[in-house]
Amino acid sequence: MSLVLGLESSCDETSVALLREDGAIVSSVVSSQIDMHRRYGGVVPEIAARAHLTNLPPLLDEAFERAGARLEDVGLVVATAGPGLVGALLVGLAEARGIALGLGVPFVPGHHIEGHALSPFLDLDGAPARTLPPRFAALVVSGGHSHVFSFAPEGISLLARTRDDAAGEAYDKVAKMAGLGYPGGPVVDRLARTGRVVEPFAVARFKGGSLDLSFSGLKTAVRDRLAALGFSPNTGVALRGPVLAEEDAPPALRDLLAAFQDAVVAQLEDRLDRLLAAAPFPLLTVSGGVAANSLLRERLAAWGPRRGVEVLLAPRALTGDNAAMVAFAGLLRHRAGVPHEGLSAAARSRWPLESLPSALPGESSPID
Ligand code: KG4
Ligand code: ZN
């Protein structure tokens, strides 16, 4: 048996996964540092790096134990090389390089965003990964990224990106302004579902037909309405008083959050519609932390069939950062034999996905 070992440490989740060569997940463990960063209202890079150092060894043990496997069963090692926090990335990279060198097996630097984009092809119940179609589009919405990519044999291209805040960042900022704590996505999602869209927000669009995304105007509009409700960051309860408990959120706040959430999803639908009109794609993957959002999942699941697009949502448990997705992305690159930097890969804070060669086979040469 030859297993793929994956390590992820780009931000505030430490994760280890073991995959079979067919992409089946044998074990996947994730340790979140959210509690350590919560009091700072965001991820502190130095704390993240140190926590990865502490968390990685026991997580490695646990991943092998759950898989009933030994280190010698590993035939390929993948670790996230970027984009992410350099100090945090270095921890996983150094460990992975050491293991690959020690075992004498290949090492592939994994791309975090590619991992997200491909995560919907993975199965949580141990089935082999789905075979990738020759072309597809990928919506990646997380705390640090909001991108739409096109994957094709001839290359990966960026179709749209946020010009300011990422979708998850907007959730986090809105929650912070309302005193709901960090991270904001899950709590805003839940509260929004208990409110009604009384006063919808306009969908942001750029002049000149750009299909880029933008969430900072929406965040400002939410701030203004919050202020009108007495939730101003300067004068309201958000900073003066204790953090607002979820169950104490007043109906007007729930309605406002419902309008915010609706506007986020409506903007994503708007861009996908226009991208589809510009260049059709048969399949869309939806991934990243915000892909856990209940309304986004519902609406995009309905959006696809109406337009003849197959929509693959990342399994909820794989929407957040995890090593399984990175191992899978590295495995596909290894199988496709595309060039990469191997053991000499550096940790990169910025690393445009579209600068990587495509790992998708031409239409006539399936990789399986
Ligand atoms: O992918 P991820 O774990 O980390 C990054 O690579 O950024 O994404 C985390 C982001 C956070 O901004 C969090 O608030 C958001 O995903 N998020 C959500 C939900 N769950 C997590 N946003 C909206 N609705 C959710 N249910
Ligand atoms: Zn991520």
Side-chain angles (χ1 to χ4, degrees), residues 6-15 17 28 30-34 37-38 41-43 45 48 80-85 88-89 92 110-120 138-147 149 161-162 165-178 180-194 213 215-216 218-219 222 246 257-258 260-265 267-268 285-300 313-326 328-329 348-351 353:
L7 269 59
E8 153 67 38
S9 68
S10 66
C11 189
D12 61 343
E13 257 97 33
T14 322
S15 175
S28 164
V30 182
S31 161
S32 170
Q33 307 172 6
I34 269 182
H37 299 285
R38 188 171 273 131
V43 177
T80 308
L85 304 168
L89 287 165
H111 193 288
H112 183 83
I113 306 300
E114 181 166 60
H116 276 304
L118 303 184
S119 61
L139 169 67
V140 184
V141 271
S142 73
H145 307 273
S146 294
H147 288 138
F149 293 99
R161 65 177 167 94
T162 180
D165 293 347
E169 201 178 346
Y171 269 91
D172 294 338
K173 287 180 176 170
V174 163
K176 203 167 173 177
M177 291 189 293
L180 291 165
Y182 167 87
V187 59
V188 171
D189 186 359
R190 285 191 299 272
L191 284 173
R193 298 315 296 258
T194 65
L213 297 154
F215 296 104
S216 93
L218 175 61
K219 175 198 66 194
V222 170
E246 186 174 340
L257 296 178
F260 163 72
Q261 178 144 292
D262 181 69
V264 172
V265 175
Q267 186 182 153
L268 294 171
T285 70
V286 184
S287 62
V290 183
N293 187 265
S294 65
L295 187 70
L296 183 65
R297 295 182 81 86
E298 248 174 60
R299 293 252 291 258
L300 289 186
L313 303 167
R316 261 179 207 274
L318 296 179
T319 52
D321 292 346
N322 65 86
M325 67 184 195
V326 176
F328 183 53
R348 289 187 168 88
S349 59
R350 284 195 71 256
W351 192 15
L353 176 55

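These figures come from a predicted structure and were not determined experimentally. What's counted below: heavy atoms across the whole structure, side chains too, no hydrogens, waters or symmetry copies. Atoms within a ligand are numbered from 1 in the order they appear, just like the ligands themselves.
Seen from the Zn ion (ligand 2), atom OD1 on D321 and atom NE2 on H112 lie at an angle near 90° (rounded to 10 degrees).
A heavy-atom separation below 4.0 Å is found between H116 and ligand 1. Contact between H112 and ligand 1 is present, with at least one heavy atom of the residue lying under 4.0 Å from the ligand.
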Query raised in the report: Please walk me through it: do Q267 and F215 pass side-chain contact (heavy atoms from CB on, under 4.5 Å)?
Result: CA-CA 9 Å; Q267 186 182 153; F215 296 104; 3.6 Å; yes
Requested in this report: Decide side-chain contact (heavy atoms from CB on, under 4.5 Å) for R297 and T319; before the verdict, give the C-alpha distance in whole Å, the side-chain angles of both, and the deciding distance to 0.1 Å.
Outcome: CA-CA 11 Å; R297 295 182 81 86; T319 52; 3.9 Å; yes
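Taking backbone and side-chain atoms together, H116 has an N/O/S atom less than 2.8 Å away from the Zn ion (ligand 2). For a distance bound of 2.8 Å, the N, O or S atoms of C11 include none lying that close to the Zn ion (ligand 2).
Side-chain contact between P83 and I113: present, with at least one pair of heavy atoms (C-beta onward) separated by less than 4.5 Å. Under the 4.5 Å side-chain criterion, counting only non-hydrogen atoms from C-beta, L300 is in contact with L139.
Note: R161 CZ to H145 NE2 = 13.0 Å, rounded to the nearest 0.5 Å.
Ligand 1 has no nitrogen or oxygen under 3.5 angstrom from a nitrogen or oxygen of S294. Ligand 1 has no nitrogen or oxygen under 3.5 angstrom from a nitrogen or oxygen of H145. Checked against a 3.5 angstrom limit, the closest N/O atoms of G289 and ligand 1 fall inside it.
In this model, no donor atom of one side chain and acceptor atom of the other lie less than 3.5 Å apart for N322 and E8.
Classification of K219 and D172 as a salt-bridged pair fails, no side-chain N sitting under 4.0 Å from a carboxylate O.
Judged by distance alone, the side chain of H111 and the main-chain N or O of W351 form a donor-acceptor pair under 3.5 Å. Put simply, the side chain of S216 never gets that close to the backbone of D165: no donor and acceptor are under 3.5 Å apart. With hydrogens and angles ignored, the 3.5 Å screen pairs no side-chain donor or acceptor of S142 with any backbone N or O of G288.
Interface atoms of ligand 1 facing A292, defined by a heavy-atom separation under 4.0 Å, are 26 (N). Set against the non-hydrogen atoms of G144, the atoms of ligand 1 under 4.0 Å away are 7 (O). Atoms of ligand 1 found under 4.0 Å from any heavy atom of D172, numbered from 1 in the order shown, are 11 (C), 12 (O), 13 (C), 14 (O). Interface of G168 with ligand 1, defined as ligand atoms under 4.0 Å from a residue heavy atom, comprises 12 (O).
If you look at N293 next to ligand 1, the close heavy atoms, those under 4.0 Å, come from the backbone and the side chain alike.
If you check which protein heavy atom lies closest to atom 7 (O) of ligand 1, you get G143 N, 2.8 Å. When only non-hydrogen protein atoms are considered, atom 2 (P) of ligand 1 lies nearest to D321 OD1, 3.7 Å. For atom 26 (N) of ligand 1, the closest non-hydrogen atom of the protein is D189 OD2, 3.0 Å.
Of the options S32, S10, G185, S142, the smallest heavy-atom separation from atom 5 (C) of ligand 1 is shown by S142.
Nearest heavy-atom pair, G144 versus A166, reported as atom, atom and distance to 0.1 Å: C-CB, 3.7 Å.
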